[in-house]
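Reviewing the structure listed below.
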Protein chains: 2
Amino acid sequence: MTRPGEDELIARYFGPLAGPGALELKDDTALLTPVPGHDLVVTADAVVAGVHFLPDDPPDSIGRKALGVNLSDLAAKGAAPMGFVLTLALPPDWTETWLAGFAAGLGEMARELGCPLLGGDTVKTPGPLSISVTAFGTVPAGRMVARTTARPGAAVCVTGTIGDAALGLALSLPNPPAWSAAISLRERAFLIDRYRNPQPRTAFARAVREHASAAMDVSDGLAGDLAKMLRVGGVSGTLALDRVPLSPAAKAALAAAPDLLPTIVSGGDDYEILLTVAPDRLDALSRNAAELGLGFAVVGKVTGGTEPLVILLNGAACHLTGGSFQHF
Amino acid sequence: MTRPGEDELIARYFGPLAGPGALELKDDTALLTPVPGHDLVVTADAVVAGVHFLPDDPPDSIGRKALGVNLSDLAAKGAAPMGFVLTLALPPDWTETWLAGFAAGLGEMARELGCPLLGGDTVKTPGPLSISVTAFGTVPAGRMVARTTARPGAAVCVTGTIGDAALGLALSLPNPPAWSAAISLRERAFLIDRYRNPQPRTAFARAVREHASAAMDVSDGLAGDLAKMLRVGGVSGTLALDRVPLSPAAKAALAAAPDLLPTIVSGGDDYEILLTVAPDRLDALSRNAAELGLGFAVVGKVTGGTEPLVILLNGAACHLTGGSFQHF
């Protein structure tokens with residue numbers, strides 16, 4: 001249905017983000033000319049106010065996040081971004097100021113990572129602001145890195161640092177946790193920024209494609225996502241908690257509150273890449289990460305069998321009981 | 001974020017709808033292998049409970065509609081369906097019965113029109129149920145029919161019948177309009193079905209591609225959509241109200257309540273194809289429609305200049321005043 005001013009709104013705020021395939025956003029559809037010899041990788045992720053971001057988060061960070069979580073999926077598949085479509089469900093109280101900020105953040109990420117807007121839809125909703133993005137990437141034919149292909153003997157690796165976003169979310173809520181007093185203002189700002197502004201590892205996609213045997217992005221928490229990857233691959237494996245890479249800020253928080261460990265490894269919103277790699281490719285992949293200035297750590301191992309993920313604390317199996325990891 | 005049972009929910013209800021590119025819905029992404037020598041047409045349309053459908057509409061009709069409105073866009077571009085991704089934002093009170101019905105309707109339309117599910121996302125929302133679909137179609141390279149290419153001298157044509165869905169919506173609201181008593185039960189059921197169950201004109205896409213000079217689907221009302229098509233094409237044109245094709249049910253309603261005419265031509269949700277065609281292609285296109293048993297009518301003409309769409313009533317220009325069309 002026509003929203004009064006929808007066309008003007010689209011032209012003003014989204015026109016500048018549009019790529020050639022967007023047909024100047026004058027059509028209902030977009031045109032995507034595939035790259036010969038390449039497959040298209042398609043991903044869809046939605047974010048809802050109050051569920052995936054806080055309604056008071058800065059609008060530009062919401063724009064960055066809505067696109068960023070999708071670009072993170074593409075990077076984990078070894079795909080280069082091609083473009084995206086956007087469906088925006090606006091509640092009655094939306095303002096032009098909000099929309100301008102949102103489009104600015106969205107456009108910034110789109111330009112940085114070479115992923116132009118192709119089209120979309122704007123609808124009214126009586127509910128919370130909701131943003132659905134479908135993003136397209138390209139890989140040489142047959143070269144997409146699947147989530148289902150982890151094989152025994154491979155190392156389990158992760159980029160960057162884990163847990164920052166979950167701690168940043170805790171710091172963004174109305175009642176700050178007690179441990180917030182134990183870290184510096186700068187560390188607090190760093191963690192909140194990691195929650196609000198995911199950094200898709202697009203620059204690492206090529207290395208993932210060349211060396212990883214299986215990969216996915218870490219969006220629902222490292223432990224749960226690894227468990228899922230092993231399950232759909234029909235294998236088992238380990239996660240060594242003491243090897244999970246932490247930022248200085250997360251280390252400081254954890255030192256002040258050791259019971260944060262489950263939050264760190266299960267909290268989600270990391271938007272790092274979790275991957276498995278055969279031992280003879282590990283050095284090359286690690287070197288690629290170092291060249292990009294990107295953290296890279298081996299955190300576990302893929303094993304045979306179908307038992308659930310084994311979580312190791314200082315070398316011994318443990319499990320989550322009463323909010324902390326305990327040895328059996 | 002993980003929704004408890006999300007994986008089971010996806011496997012049970014959406015697994016049966018998945019095509020080969022969906023990677024058994026075990027990955028975060030889908031894989032689309034482009035057809036060599038073809039372009040991809042991409043369209044995104046969302047539907048929100050209380051805005052685009054009534055919360056009490058049967059769930060299978062909501063499933064059909066969510067996909068159907070997108071397939072309608074593809075048909076109007078001359079594209080053959082390839083697949084779709086689905087983002088489902090579920091409110092706290094969703095039930096498995098509702099979801100089973102929704103998936104059944106969605107799957108029915110997906111199978112009928114050869115458009116398998118490729119992937120998607122399921123998220124929680126505190127607001128109304130919202131469904132975003134991004135659908136993909138294929139056309140021979142460079143052959144997508146644009147909305148912007150109407151040229152003076154072309155006939156303006158429309159498939160099927162117009163206004164049924166807007167009347168069906170009126171009949172679905174709590175207080176039925178006075179004119180509902182003037183039409184038969186069967187006519188009422190027909191109009192309501194036209195509102196709930198759009199019929200994408202997928203079978204006509206090839207004819208549109210071969211003969212139309214510009215096209216779009218009619219979703220926001222015939223008069224407004226034609227005005228938009230002429231505007232983005234930089235041309236003007238006419239719409240003859242007395243030539244707008246009406247179903248027997250709409251004719252009966254209009255006979256009982258002549259002031260329904262603006263609703264019929266501006267009400268929306270028709271999901272027919274509006275197109276322009278050069279005079280020498282008109283016969284071929286009309287024959288193609290007849291072969292499919294699809295209604296096809298010439299309703300106006302594209303003219304030069306940039307004045308707004310001229311609406312004709314019995315040959316003389318008129319305009320909408322006080323809820324009815326009046327001659328100047």
Side-chain angles (χ1 to χ4, degrees), chain A residues 1-2 7 21 23-24 26-34 36 38-48 50-52 73-74 76-77 79 85-87 89 91 118-121 123-128 130 132 134 136-137 141 144 146-148 216-217 219-221 224 228 232 268-269, chain B residues 1-2 7 21 23-24 26-34 36 38-48 50-52 73-74 76-77 79 85-87 89 91 118-121 123-128 130 132 134 136-137 141 144 146-148 216-217 219-221 224 228 232 268-269:
Chain A
M1 296 181 192
T2 305
D7 291 342
L23 311 169
E24 303 174 53
K26 283 181 179 166
D27 219 302
D28 264 345
T29 54
L31 195 63
L32 211 55
T33 305
H38 285 64
D39 289 335
L40 268 177
V41 180
V42 183
T43 182
D45 266 307
V47 293
V48 177
V51 181
H52 304 90
D73 272 325
L74 292 181
K77 305 286 101 184
V85 297
L86 170 74
T87 299
L118 297 176
D121 192 19
V123 296
K124 290 184 285 191
T125 177
S130 306
S132 298
T134 302
F136 309 99
M144 189 190 94
R147 184 198 274 188
T148 52
M216 66 186 291
D217 77 332
S219 55
D220 293 338
K228 190 185 281 189
V232 296
D269 283 329
Chain B
M1 298 183 193
T2 306
D7 292 342
L23 311 169
E24 302 174 54
K26 283 182 180 167
D27 218 303
D28 263 345
T29 54
L31 195 63
L32 211 55
T33 305
H38 285 63
D39 289 334
L40 268 177
V41 179
V42 183
T43 182
D45 266 307
V47 294
V48 176
V51 180
H52 304 90
D73 272 324
L74 293 181
K77 305 286 101 181
V85 296
L86 170 74
T87 298
L118 296 176
D121 192 18
V123 296
K124 290 184 286 190
T125 177
S130 305
S132 297
T134 302
F136 310 100
M144 189 190 94
R147 184 200 275 188
T148 53
M216 67 186 290
D217 78 330
S219 55
D220 293 338
K228 190 185 279 187
V232 297
D269 283 328

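Within every chain, numbering begins at 1; the chains are lettered A, B, ... in the order of the sequence lines, protein sequences first and strands thereafter. We use all heavy atoms of the structure for the numbers below, so side chains are in, but hydrogens, waters and symmetry mates are not.
With a 4.5 angstrom heavy-atom cutoff, S132(B) touches chain A only via side-chain atoms. Heavy atoms of L31(B) lying under 4.5 Å from chain A belong to its backbone as well as its side chain. With a 4.5 angstrom heavy-atom cutoff, T87(B) touches chain A only via side-chain atoms. Residue contact with chain B, scored on non-hydrogen atoms closer than 4.5 Å, involves the side chain of V85(A) exclusively.
Considering all non-hydrogen atoms of both residues, T29(A) and K77(B) come closest at OG1-CD, 3.1 Å. The two residues G127(A) and P128(B) have their closest heavy-atom pair at CA-CD, 3.4 Å. Residues K124(A) and H52(B) approach most closely at O-CE1, 4.5 Å, considering heavy atoms.
Residue with the most contacts toward chain B among V232(A), L74(A), D217(A), T148(A): V232(A) (heavy-atom pairs, distance under 4.5 Å). Listed options A76(A), A46(A), G268(A), A89(A) were ranked by heavy-atom pairs under 4.5 angstrom with chain B; first place goes to A46(A).
Contact check for V123(B) versus V51(A): no side-chain heavy atoms found under the 4.5 Å cut-off. For the pair P126(B)/V48(A), a side-chain contact is recorded, criterion being any heavy-atom separation below 4.5 Å from C-beta on.
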Run the numbers on V42(A) and F136(B) for side chain to side chain contact (heavy atoms under 4.5 Å, CB included), then give the verdict. CA-CA 10 Å; V42(A) 183; F136(B) 310 100; 3.6 Å; yes
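If you run side-chain contact (heavy atoms from CB on, under 4.5 Å) between D121(A) and each of D45(B), T134(B), T43(B), only D45(B) comes through.
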